[in-house]
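No hydrogens, no waters, no symmetry mates; every other heavy atom, side chains included, goes into these values. As the structure is a prediction and not an experimental result, all values here were calculated from the model.
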Amino acid sequence: MRVERLPDTEQQGQRTVVLRTGCSPVKFLRANPDGSVDLADRAHAWEEWTLVRNGNDTYSFLSHHGSWLSARKNGKLAVVESLRAHSTADEQFTLGQS
């Protein structure tokens, strides 16, 4: 996945981004209201994430619906509603260069 910043979206240290696949055809990570995530052909509001910097050099992704991107121990992605869950390692990501 690649993180792409959307133009003119930085406010108070937070940026709106889309998470895009690196392969062809290009897909965008989408948060669904039911807590699932999947890939979409185009980037619209549901594919936008607010990039939130944590105090430990990690980032969390807040969805359009107000839920947090979570990497599950089974290797799958989901979104969680709880702010308490937001503080766990499952919702904290390290960004690297591609």
Side-chain angles (χ1 to χ4, degrees):
M1 287 287 198
R2 294 182 184 176
V3 176
E4 291 187 356
R5 187 179 75 154
L6 298 176
D8 301 323
T9 59
E10 187 166 354
Q11 294 180 2
Q12 300 176 353
Q14 298 179 350
R15 293 180 175 165
T16 302
V17 299
V18 292
L19 301 173
R20 166 188 181 277
T21 61
C23 58
S24 182
V26 171
K27 301 280 185 173
F28 298 89
L29 189 67
R30 168 176 52 202
N32 296 299
D34 66 1
S36 66
V37 295
D38 59 8
L39 297 174
D41 294 330
R42 291 186 170 69
H44 298 291
W46 286 16
E47 292 77 36
E48 293 179 3
W49 301 85
T50 300
L51 185 62
V52 179
R53 186 176 191 149
N54 301 312
N56 59 357
D57 293 327
T58 64
Y59 294 84
S60 295
F61 295 92
L62 181 62
S63 79
H64 173 78
H65 306 292
S67 51
W68 299 95
L69 183 63
S70 180
R72 300 306 205 185
K73 292 181 185 359
N74 64 5
K76 296 188 181 211
L77 293 173
V79 289
V80 294
E81 300 294 329
S82 170
L83 287 178
R84 180 171 178 235
H86 166 62
S87 65
T88 71
D90 291 352
E91 288 76 41
Q92 296 178 4
F93 298 85
T94 303
L95 303 182
Q97 299 291 328
S98 59

Strictly distance-based, threshold 3.5 Å: is any side-chain N or O of [X] a donor or acceptor partner for the main-chain N or O of [Y]?
{"X": "N54", "Y": "N56", "value": "no"}
{"X": "E47", "Y": "H44", "value": "yes"}
{"X": "N32", "Y": "D34", "value": "no"}

Once you round to the nearest 0.5 Å, how far does CZ of R20 lie from CZ of F28?
6.0 Å
What's the separation between atom CD in E91 and atom OG in S67, rounded to the nearest 0.5 Å?
10.5 Å
Is there a continuous path of hydrophobic side-chain contacts, each under 4.5 Å between heavy atoms, that joins W46 to V26?
no
Under a 4.5 Å cut-off applied to non-hydrogen side-chain atoms, are [X] and [Y] in contact?
{"X": "K27", "Y": "D41", "value": "yes"}
{"X": "L69", "Y": "L19", "value": "yes"}
{"X": "L39", "Y": "L29", "value": "yes"}
{"X": "E48", "Y": "V18", "value": "yes"}
{"X": "W68", "Y": "S63", "value": "no"}
{"X": "F61", "Y": "L51", "value": "yes"}

Closest approach of [X] to [Y] (non-hydrogen atoms, all atoms of both residues):
{"X": "H64", "Y": "A45", "answer": "CB-O, 3.2 Å"}
{"X": "W49", "Y": "R30", "answer": "CZ2-C, 4.2 Å"}
{"X": "V80", "Y": "S70", "answer": "CG1-CB, 4.1 Å"}
{"X": "A31", "Y": "V37", "answer": "CA-CG1, 4.2 Å"}

